[in-house]
Amino acid sequence: QDLLVESGGGSVQSGGSLTLSCVGSETFRDNCMGWFRQAPGKEREGVGNIDSYSHITYADSVKGRFNIFRDNAKNTLYLQMHSLKPEDTATYYCAARVASRCLGTAYHYWGQGTQVTVSS
């Protein structure tokens, strides 16, 4: 049983926008949730995270372009992406950390990923 399911990936041109969704079980409402991405041949990198107090952090590479928010009523985490660049091309994953704060690096549950491709 998939505990986290991402959707919303696709192909867009440079400068375009996409919004990814990650639906989880209600047990994740009080947990830190994060977005990660991995491009071919590269290591997985953190995009940003949101804790149970709605404190949000972003990687420098996406600050000002990406927004993370959550709708606890829908058990859904979102990644809104604007001004997309070809270097944003990657498989995007959501993850949950079994803790209310996003301190530390361990995430305990992962989605299957959704592909985002940005063409120049």
Side-chain angles (χ1 to χ4, degrees):
Q1 181 180 359
D2 294 327
L3 297 179
L4 296 173
V5 180
E6 302 100 334
S7 62
S11 297
V12 294
Q13 290 190 327
S14 182
S17 299
L18 278 176
T19 297
L20 307 183
S21 301
C22 172
V23 179
S25 70
E26 62 182 45
T27 57
F28 294 124
R29 286 181 178 181
D30 298 323
N31 290 344
C32 162
M33 300 292 294
W35 285 101
F36 295 81
R37 66 186 182 184
Q38 187 167 20
K42 294 187 177 181
E43 293 187 356
R44 185 175 62 200
E45 64 173 346
V47 174
N49 54 47
I50 180 169
D51 66 18
S52 62
Y53 304 96
S54 295
H55 179 256
I56 306 169
T57 61
Y58 296 99
D60 288 343
S61 58
V62 305
K63 279 182 182 176
R65 301 189 298 122
F66 289 12
N67 295 308
I68 293 173
F69 55 101
R70 66 199 300 171
D71 184 340
N72 285 340
K74 296 181 179 180
N75 298 325
T76 303
L77 175 73
Y78 298 94
L79 178 64
Q80 191 178 59
M81 305 183 291
H82 299 292
S83 302
L84 283 162
K85 306 174 182 179
E87 50 263 44
D88 294 318
T89 295
T91 300
Y92 283 71
Y93 301 88
C94 69
R97 175 173 167 78
V98 183
S100 59
R101 294 286 191 183
C102 293
L103 301 175
T105 59
Y107 282 78
H108 305 97
Y109 299 96
W110 292 83
Q112 82 287 353
T114 186
Q115 178 67 36
V116 172
T117 302
V118 185
S119 58
S120 58

Checklist entry - Only one of Tyr92, Tyr93, Tyr107 forms a ring-ring contact (aromatic ring centres under 6.0 Å, His included) with Phe36, so which one is it? => result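 So, applying the ring-ring contact (aromatic ring centres under 6.0 Å, His included) to Phe36 and each of Tyr92, Tyr93, Tyr107, only Tyr107 qualifies.
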Item to check | Close side-chain approach of Phe28 and Leu4, heavy atoms under 4.5 Å | outcome: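 When only atoms from C-beta onward are counted, Leu4 and Phe28 do touch, with a gap below 4.5 Å.
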Checklist entry - Looking at side-chain heavy atoms only, is the closest gap between Thr19 and Leu79 below 4.5 Å? => result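 Thr19 does not reach Leu79 side chain to side chain.
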Checklist entry - Does any donor atom in the side chain of Thr91 or Gln115 lie under 3.5 Å from an acceptor atom in the other side chain? => result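 A donor-acceptor contact under 3.5 Å links the two side chains.
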Search all heavy atoms of [X] against all heavy atoms of [Y] and return the closest pair with its distance.
| X | Y | result |
| --- | --- | --- |
| Ser119 | Pro86 | C-CG, 4.5 Å |
| Leu84 | Val12 | CD1-CG2, 3.6 Å |
| Asn72 | Arg29 | O-NE, 3.0 Å |
| Lys74 | Thr76 | O-OG1, 2.8 Å |
| Asp88 | Arg65 | OD2-NH1, 2.7 Å |
| Ile68 | Asn49 | CD1-N, 3.5 Å |

Does [X] reach the main-chain N or O of [Y] with its side chain, forming a donor-acceptor pair under 3.5 Å?
| X | Y | result |
| --- | --- | --- |
| Thr114 | Gly9 | yes |
| Glu6 | Gly113 | yes |
| His108 | Val98 | yes |
| Ser25 | Leu3 | no |
| Ser52 | Ser100 | yes |

To the nearest 0.5 angstrom, please state how far the [atom1] atom of [X] sits from the [atom2] atom of [Y].
| X | Y | atom1 | atom2 | value |
| --- | --- | --- | --- | --- |
| Ser17 | Gln80 | OG | CD | 7.5 Å |
| Cys94 | Leu77 | SG | CG | 6.0 Å |
| Lys85 | Ser14 | NZ | OG | 8.5 Å |
| Arg37 | Met81 | CZ | CE | 9.0 Å |
| Met33 | Cys102 | CE | SG | 9.5 Å |

Checklist entry - Honestly, is Arg44 close enough over Trp110, meaning NZ or CZ under 6.0 Å from the six-membered ring centre and within 45° of the axis? => result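 Verdict for Trp110: a cation-pi partner in Arg44.
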Item to check | Sequence neighbours excluded, every pair satisfying ring-ring contact (aromatic ring centres under 6.0 Å, His included) that has a member inside residues 43-76 | outcome: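 Listed once each, the pairs are Phe69-Tyr78.
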Item to check | Trace of the salt bridge (charged side-chain N to carboxylate O under 4.0 Å, His left out) decision for Arg97 with Asp51 | outcome: CA-CA 9 Å; Arg97 175 173 167 78; Asp51 66 18; over 6 Å; no
